[in-house]
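Have a look at the structure that comes next, please.
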Amino acid sequence: MKVLVIGQGGREHALVWKLSQSSVVTKIYCAPGNAGTASDAENVQISDDDIPALLDFALREKIDLTIPGPEVPLVMGIVDEFKNAGLTVFGPTKAAAQLEGSKTFAKEVMLAAKVPTGDYGTFDDIEPALNYLKERYGGGYTREVVGNETEEDWFKQPASGRSPVMYQPIVVKADGLAAGKGVKVCESYQEAVDFVEECLSGNKFGEAGSRVIIEDFLDGAEASILAIVDGKTIIPLEASQDHKAAHDGDSGPNTGGMGAYCTTPVVSPEMMDEITQTILIPIVHEMKRRGCKFSGVLYAGLMINKQGPKVLEFNVRFGDPETQPVLMRLKTDLFELLYAAASGKLHEFEGLEWDPRPAVCVVMASRGYPDVYKKGYPIRGLGAQPGTKELKVFHAGTKLEGGEIVNSGGRVLGVTAMGDTLDQAKLNAYARVKTIRWEGAWCRKDISDKARPEIEAPAEAPTEEPTEE
Ligand code: GLY
């Protein structure tokens with residue numbers, strides 16, 4: 001079977017690597033890929049949003065299964081185009097991809113499906129947005145809990161009568177796709193006002209920011225659920241936990257994800273059942289009811305606290321870097337799973353097999369990321385080894401230049417390892433991290449510590465200080 005993976009990040013490298021272990025896959029192409037996918041597949045120089053060129057290639061090469069990695073081609077409608085041409089493709093249609101392409105659409109679906117999520121308002125114009133901010137958050141953002149007052153009681157009071165004490169950030173989101181930069185957790189009322197203005201009048205994100213969502217902040221532990229769906233059958237993969245903040249202890253700016261581990265104690269088997277019953281099934285039913293059956297990866301980004309799980313966001317693709325540790329643990333043939341989903345035959349699929357050992361992925365990044373960073377530094381220490389089933393350096397922002405592998409993106413590598421325990425998996429990943437160097441390389445030192453708050457970061461792991469060659 002011939003497979004085309006579309007994209008160029010760590011997620012796509014992990015997909016290519018896992019597909020290469022399939023007994024039925026004979027050839028894997030990756031478009032456009034990176035320096036890592038070049039060693040596990042054949043890279044094709046077509047950009048991930050050039051749908052006509054991708055379609056021509058897939059038809060010419062008689063590709064049996066296409067797997068678009070990133071959200072952009074999905075939201076553009078690549079699945080519809082490929083299906084219309086008679087090709088088998090894993091992912092949601094353009095209409096169903098709106099679950100990630102429009103945060104307002106996702107909220108409307110959640111509301112209709114009675115799926116738990118934060119209260120919100122959605123706005124196209126500045127004045128009503130600022131009025132909502134003032135009315136709901138009273139021009140402030142902290143309050144004290146008085147007596148038995150619940151959060152709901154507090155919100156019901158007029159702004160002027162509310163007690164001031166509990167810390168209450170405000171979340172503002174650009175409605176459309178904004179390359180991971182469209183969500184801001186505002187620490188002050190003024191920050192929320194500024195971000196709303198930047199989106200709605202400052203054109204910060206162009207069309208994607210011409211509508212905003214203002215949402216209550218949700219507290220708790222985050223978890224990522226990736227579920228394989230074929231329109232009716234849902235097979236959740238094991239849960240993982242991402243680390244979105246740039247620095248240790250979840251401080252610093254938001255990033256695409258600085259590391260992840262799988263599985264996470266935040267999602268017990270009982271919690272996974274609750275998530276399936278209260279979130280995944282209702283969403284898949286509601287999408288079908290609306291005439292846009294969901295097929296592909298339903299990625300639920302959750303906040304879990306004593307009140308149960310609530311949805312922060314939906315994505316319609318594999319998470320990055322969550323995919324790296326999740327797929328390292330998957331023993332089932334990935335091609336068979338995704339092909340069954342793309343063919344509407346997931347109900348025939350007989351469960352999944354997992355390696356019981358935990359896996360940890362540590363992202364190594366370029367100096368300056370998530371802001372401005374320099375590219376083109378040669379990466380040392382990658383070695384000729386292709387990796388093993390227990391330890392793999394997944395490439396994200398890398399490319400071949402003048403015979404050397406250099407950094408070409410902000411998130412550069414996802415060093416992923418398994419271990420008999422989570423501590424051992426973490427040690428194995430960081431031991432490999434220490435052998436890799438380029439100018440400005442850095443990583444978080446505490447990936448997976450959220451599973452065990454008492455764990456100290458390893459003293460010798462690279463810091464965010466630049467490392468000169
Ligand atoms: N790791 C977050 C995402 O894939 O959106």
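Everything numeric here is computed off the predicted structure, so don't read it as measured data. Residue numbers start at 1 and run along the sequence shown. Counting starts at 1 for both ligands and their atoms, in listed order.
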Numbered atoms of ligand 1 (with element) below 4.0 Å of Gly256, judged on heavy atoms: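 Those qualifying, in numeric order: 1 (N), 2 (C).
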Point-to-point distance, once rounded to the nearest 0.5 Å, from CZ of Phe394 to CD of Gln324: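 With rounding to 0.5 Å, CZ (Phe394) is 6.5 Å from CD (Gln324).
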Ser224 to ligand 1, any heavy atom closer than 4.0 Å: no
Polar proximity ligand 1 side, Asp320 side, N/O cut 3.5 Å exclusive: yes
Atom indices of ligand 1 within 4.0 angstrom of Glu322 heavy atoms, with elements: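 With Glu322 as reference, the close atoms of ligand 1 come out as 1 (N), 2 (C), 4 (O).
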Numbered atoms of ligand 1 (with element) below 4.0 Å of Gly319, judged on heavy atoms: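 Per the distance check, 4 (O).
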Donor-acceptor contact below 3.5 Å, side chain Tyr430 vs main chain Asp446: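 Yes; judged by distance alone, with no hydrogens or angles, the pair exists.
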Nearest non-hydrogen protein atom, atom 5 (O) of ligand 1: Arg317 NH2, 2.8 Å
His247 ring center near Trp442 ring center (under 6.0 Å): yes
Side chains of Asn407 and Ser366, donor plus acceptor under 3.5 Å: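 Indeed, the side chains of Asn407 and Ser366 share at least one donor-acceptor pair under 3.5 Å.
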Nearest option to atom 1 (N) of ligand 1, as decided by whichever heavy atom of Asn315, Val363, Asp242 sits closest: Asp242
For Ile447 against Gly259, the heavy-atom pair lying closest together: CD1-CA, 3.8 Å
Identified side chain to side chain contact (heavy atoms under 4.5 Å, CB included) partner of Leu298 from the options Ile234, Ile283, Ile225: Ile283
Tyr299 touching ligand 1 at heavy-atom level, < 4.0 angstrom: yes
